[in-house]
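Start at 1 with the first residue, then count along the sequence.
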Amino acid sequence: MAEEKSACAKGFHETAIHVDVKEYYGNVLKKSSDLNTNACVTPAKPYPAFIRQALKKVHPEVSARYYGCGLVVPESLEGCRILDLGSGSGRDCYMLSQLVGEKGHVTGIDMTEDQLEVARQHVNYHMKEFGYKKPNVNFVQGFIETLTEAGLEKNSFDIIISNCVVNLSPDKKQVLAEAYGVLKDGGELYFSDVYSSARLTEEIKNHKVLWGECLGGALWWKDLVHLAEEVGFTTPRLVTATIITVDNKELQDVLGDFKFVSATYRLFKVPKGNTKPCRVMYNGGITGVEDSFQFDCHYTFKANEAMEVDGEVAAILTHSRFSEDFTFQQPGGPCEPCGVKPKAGVVDPIELALQLEKQGPGSTTGGCCSTQSASCCK
C-alpha cells in the first residue's frame, strides 16, 4: 500500500481548484447529508435488483461518504478490467468488484488522501465478504488529468467509469485524452456527470461551494460533444438524464437562470467513419438486461428482435465487448433497409430530463428518443 500512496503524478502541479476540491471532500464533507444540492447524490434511474444486492455488501462507512450523481454500471462486465476516475471512498469500486468477478479487476484513482484512506481500510473486509481468495481491487493516489504519470498503463482497461468527478477538473479535455489513452481498443468510457444549459459565468466558475457541489465546474453539454470528438472518441451517446435541484437560496441567486442535469453518457474508442447503418439482433443473456438492453436513449434492444442501427452504433457493437452479444447481417458491409429509419443525432440532456420528469419515476427513455425499440425484420 505504501507504493500506492506515493503514486501521485510527479510532473503535474495541482491547481488552486484541486486544492479547494481536496479540502471540500476531505474536510468539509463528512457524509452525503452535508451537501447543499442534490447534484452529487442524484440517481439517474432506479437501481436494478442485482446492483442493489451488490451495494448492500459495501461497508456502511464507505457508502456514507459516497458523492456520486448517477448509476455508473455499464453492461457485460464479467472478467473486465475497470478504472474508476475519482473513486473517492471506493463505493462504486467495491460494487463493481462483485460484478466483474474474481477474474476481473477494478482500480480506483483519487487525489484526496482522506477518501483513499477510507477505501483502503476496507479492502480485506470486502474480499472476505465477497468470498474472494485475493483482492481484485486496488486504489491509486493521483490526478485524473495524468493517469499514465500515476502509473496506469496505456491500452490496459476495458472500461472506465466516473461518477460526478469530471466536472471537478479544471481541464476536462485532458481528462478525456488520458482516459482515451489508457483504454484498450474497443474500450468504453461510461460516466455520469453534471452539465449546464449554457457556458457558465466566471462568478459561478469561481464560487468555491458551487465547484465543490459539482455545479461550478459543469460543462455546457454541447462542449462535451466537441471535446470527446477532438480527443478521438465516438459521439457521446446519452443514456439518461435527471434534473438537478438547488434548495439553498443563496446558491440559487448566484446560479440565476442556468439549468443543470445529471447525465450518463457512453463514449467508445473504436474506428470511425467507415461503417454503414446495419441490421442487428441482440442475442440476449447479458446479466441484468437478459431480455431488454437499453444501449442509450435512442436504442433499446429486445432479445431476438432485429432492428436497424445507425453507422456509429454499428461500429461500436462490432468493435467493442458487445460484439459477441449481437448477430450482424453482413458485418462491416451494407445492410438492406427494413422500413425503420435508424436513429441518430445528439440529444439535449436537459430536454430529455424534463421529459422523463413528466413521465414520472422509473422512466429511462422518452420524448425525442422514443420509448419504443425500433424492432423489425423478425
Side-chain angles (χ1 to χ4, degrees), residues 1-19 21-22 25 72 74 77 79-88 90 92-93 96-97 100 104-113 115-117 119-120 123 135-193 217 219 224 226-234 236 265-272 319-321:
M1 292 298 181
E3 186 174 318
E4 288 184 343
K5 288 183 180 180
S6 63
C8 202
K10 297 178 180 178
F12 180 77
H13 299 287
E14 62 182 359
T15 65
I17 290 174
H18 289 102
V19 174
V21 169
K22 285 203 289 188
Y25 283 86
V72 286
L77 300 180
C80 285
R81 288 183 56 82
I82 298 179
L83 172 65
D84 182 1
L85 302 181
S87 53
D92 287 339
C93 289
L96 291 166
S97 164
V100 300
H105 192 275
V106 182
T107 296
I109 183 169
D110 203 279
M111 66 178 179
T112 307
E113 295 88 343
Q115 290 279 69
L116 286 169
E117 184 177 353
R120 289 181 177 135
V123 171
N136 71 340
V137 176
N138 75 304
F139 296 95
V140 174
Q141 185 177 357
F143 297 98
I144 61 175
E145 298 92 347
T146 54
L147 299 178
T148 51
E149 287 187 30
L152 303 180
E153 294 182 7
K154 290 189 175 182
N155 307 307
S156 60
F157 292 96
D158 300 294
I159 303 165
I160 296 176
I161 66 157
S162 175
N163 205 333
C164 207
V165 170
V166 176
N167 69 84
L168 297 173
S169 170
D171 192 344
K172 275 79 167 173
K173 183 175 181 180
Q174 184 62 24
V175 173
L176 294 179
E178 285 287 299
Y180 189 88
V182 300
L183 274 175
K184 297 177 183 177
D185 289 340
E188 177 183 14
L189 170 59
Y190 185 97
F191 70 118
S192 287
D193 217 88
L219 266 181
L224 170 68
H226 297 312
L227 291 179
E229 292 180 339
E230 285 178 13
V231 166
F233 281 112
T234 55
Y265 283 96
R266 55 196 331 158
L267 286 63
F268 287 86
K269 182 178 179 178
V270 300
K272 295 188 291 185
H319 297 285
S320 70
R321 68 186 185 282

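Residues Val165 and Gly86 come closest through the heavy atom pair CG2-O, 3.4 Å. Scanning both residues, Tyr265 and Pro236, for their nearest heavy atoms gives CD2-CB, 3.5 Å. Asn138 approaches Val140 most closely through the heavy-atom pair ND2-CG2, 3.8 Å. Across all non-hydrogen atoms, the minimal contact from Gln115 to Asp110 is CB-OD1, 4.4 Å. Between Ser97 and Val137, the shortest heavy-atom contact is CB-CG2, 3.5 Å.
At least one side-chain heavy atom of Glu113 sits less than 4.5 Å from a side-chain heavy atom of Gln141. Within the 4.5 Å cutoff, the side chain of Glu188 has no heavy atoms near those of the Ser320 side chain. In this structure, Val106 and Val100 have side chains that are in contact, with non-hydrogen atoms separated by less than 4.5 Å. Considering only heavy atoms from C-beta on, Leu227 comes within 4.5 Å of Leu219 through its side chain.
Rounding to the nearest 0.5 angstrom, the gap separating the CG atom in Asn167 from the NZ atom in Lys172 is 6.0 Å. Rounding to the nearest 0.5 Å places SG of Cys93 at 8.0 Å from CG of Leu83.
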Pairs of donor and acceptor atoms involving the side chains of residues 152-160, under 3.5 Å and at least two apart or interchain, shall be tabulated with distances.
| unit_1 | atom_1 | unit_2 | atom_2 | d |
| --- | --- | --- | --- | --- |
| Asn155 | OD1 | Lys269 | NZ | 3.1 |
| Ser156 | OG | Glu153 | O | 2.5 |
| Asp158 | OD1 | Lys184 | NZ | 3.2 |
| Asp158 | OD2 | Arg81 | N | 2.8 |

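Aromatic ring pairs are classed by plane angle as parallel below 30°, tilted from 30° to 60° and perpendicular above 60°; the pair Phe233 and Tyr180 is perpendicular.
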(request) Determine, step by step, whether Lys173 and Val231 satisfy the side chain to side chain contact (heavy atoms under 4.5 Å, CB included) criterion, reporting the C-alpha distance in whole Å, the side-chain angles of both residues, the deciding distance to 0.1 Å, and the verdict. (result) CA-CA 7 Å; Lys173 183 175 181 180; Val231 166; 4.1 Å; yes

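Legend: residues meeting side-chain contact (heavy atoms from CB on, under 4.5 Å) with Thr234, ordered by chain and number and at least two apart, are Phe268, Val270, Lys272, Glu312, Ile316.
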